[in-house]
2 protein chains.
Amino acid sequence: MATQTPAPAAGLRETKKHETRQLISDHATRLFIAGGFEQTTIAEIAAAARVAKKTVTNYFPRKEDLALDHQEEFAASLARAVTARRPGESVLAALRRAFADAVAAQDPVAGFSGQEFARMIADSPTLTACLRGLHDQREHHLAQVLADVTAAEPGDITVQTAAALLGTVHRVLFHRIQTLTLAGHPNDQIAHTVAAEAARAFDLLEPGLADYA
Amino acid sequence: MATQTPAPAAGLRETKKHETRQLISDHATRLFIAGGFEQTTIAEIAAAARVAKKTVTNYFPRKEDLALDHQEEFAASLARAVTARRPGESVLAALRRAFADAVAAQDPVAGFSGQEFARMIADSPTLTACLRGLHDQREHHLAQVLADVTAAEPGDITVQTAAALLGTVHRVLFHRIQTLTLAGHPNDQIAHTVAAEAARAFDLLEPGLADYA
DNA sequence: GGCTAACTTTACCTCCGTCGTAAGTTTACG
DNA sequence: CGTAAACTTACGACGGAGGTAAAGTTAGCC
């Protein structure tokens, strides 16, 4: 039976490894939300998880990795939406639809984190800087895909600018969701509000990028 | 004996302060370019300048402040270009012209740093992250100005998006100049190339933002 | 049951950023 | 004009993040 899932493979070692990682991550997020990201030390996390400090930094090289999960998924989301777009669909239409879908699903990757989580990020300069870097990575991946589909040179200014503009709209809407979450609005209301705002935001790009790719 | 010293205005203290700051900054940039930002320690800078470590961190709270100067000027550049625009000139036209002027003048604020300086930034994750933060600040200041001139609510999505899109074009072109500088192109050639590319980049926003503000 | 390889642990180190402390200068007041 | 208070600056020391090296321990494979 060919199982598609990368099954545990009977690996007791793999299982414990994953358990340990999850254990550390759970304690970390709990302590971060309770006491703040900057105020919580790695030593405290290690003590709470009953492991050595080195084990924590082994699984999570940087402290930010303990708080921000699914980084690669986030960075690849826009590029994936373009490569998986429908035949004949423009890049802008695909990215517009991808955001609408993410909002409808209240996807955490689109910014629908809990209020406490949003507070943790907003209160930490380290995490906000890390988030900026993720938006930047996401834009670079999108530019790579756009260069592929348009058969343009990697340094082409139109590709770079188009990727940046498209990524920027997603970034602005991401922060909008975060802001509303911080203000205490319920997710349903945020989804309703942002869906309408997203239309206006993407419309600013529509005349310039409608027939791109 | 000199009884009164009204004119000097206690200049001895101010003078020594400024001298010490410049002394530290000079040694820092020299060591950073010679050995890289991450590899150079504050202790080495302090030793070179013949002061205590604490004195360095007193003048420059963060290590990045030793390398990146004129941060506030950079962050305010776009907002200033808008507030100082000609009567009847659109925001987009003002920012397009501001970039053209900066390129013509080969302004360091637009990205025209020396090759060694660009290398120092590109090789340092800390400095690139700091630069991202400066672009972000610049965008926020621009959004503030746009909210003022359009009499819109601060959280208005059109204002946020317009500021982000306009800031993004400047950011892409900034990185373009940096990339060309890293590749060893002379400033004159870069200015010529980027001036043409900037026209194409801003044209993507023209249909959507031509009549904004 | 023994061997190999890995993961965890321990200990140590460097460096950044921040805290109290001492010394100097400017200013205010007698 | 002199003295003392108040401010600012330079100094040494501490805490935490991140990395390295060596030893102990456990899973996986004969």
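Below, all heavy atoms of this structure are taken into account, side chains as well, without hydrogens, waters or symmetry copies.
Rounded to whole Å, atom C1' of C:dT8 lies 10 Å from atom CD1 of A:Ile24. Between the CZ atom of B:Arg50 and the C1' atom of D:dA10 there is a distance of 15 Å, given to the nearest Å. Rounding to whole angstrom units, CZ of residue B:Arg21 and P of D:dT8 are separated by 17 Å.
Within the 4.0 Å cut-off from OP1 or OP2 of C:dC7, at least one side-chain nitrogen or oxygen of A:Lys17 is found. Under 4.0 angstrom from either OP1 or OP2 of C:dT8 there lies at least one side-chain N or O belonging to A:Tyr59. Contact between the side-chain N/O atoms of B:Asn58 and the OP1/OP2 oxygens of D:dT9 is not found at any separation under 4.0 Å.
Interatomic distance, B:Thr161 OG1 to A:Leu165 CG, rounded to the nearest 0.5 Å: 11.5 Å.
Checked against D:dC11, D:dT9, C:dT9, the side chain of B:Ala52 finds its nearest nucleotide in D:dC11.
Applying the ring pair (Phe, Tyr, Trp, His ring centres under 6.0 Å) test between A:Phe174 and each of A:Phe99, A:Phe112, A:Phe74 identifies A:Phe74 as the sole match.
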Candidate pair A:Arg132 and A:Asp136, rule salt bridge (Lys or Arg N to Asp or Glu O under 4.0 Å), full reasoning: CA-CA 6 Å; A:Arg132 269 195 295 269; A:Asp136 211 49; over 6 Å; no
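A:Thr126 and A:Glu64 share no side-chain donor-acceptor pair at under 3.5 Å.
Using a 4.0 Å cut-off between charged nitrogen and carboxylate oxygen, B:Arg171 and A:Glu139 count as a salt-bridge pair.
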Summarise how protein sits on nucleotides 12-21 of chain C as a single string, 5' to 3': B when a protein heavy atom is under 4.0 Å from the base, S for sugar-phosphate-only contact, - for no contact. ---SSSBB--
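Listed for the B:Thr83 side chain is a donor-acceptor partner under 3.5 Å among the backbone atoms of B:Arg80.
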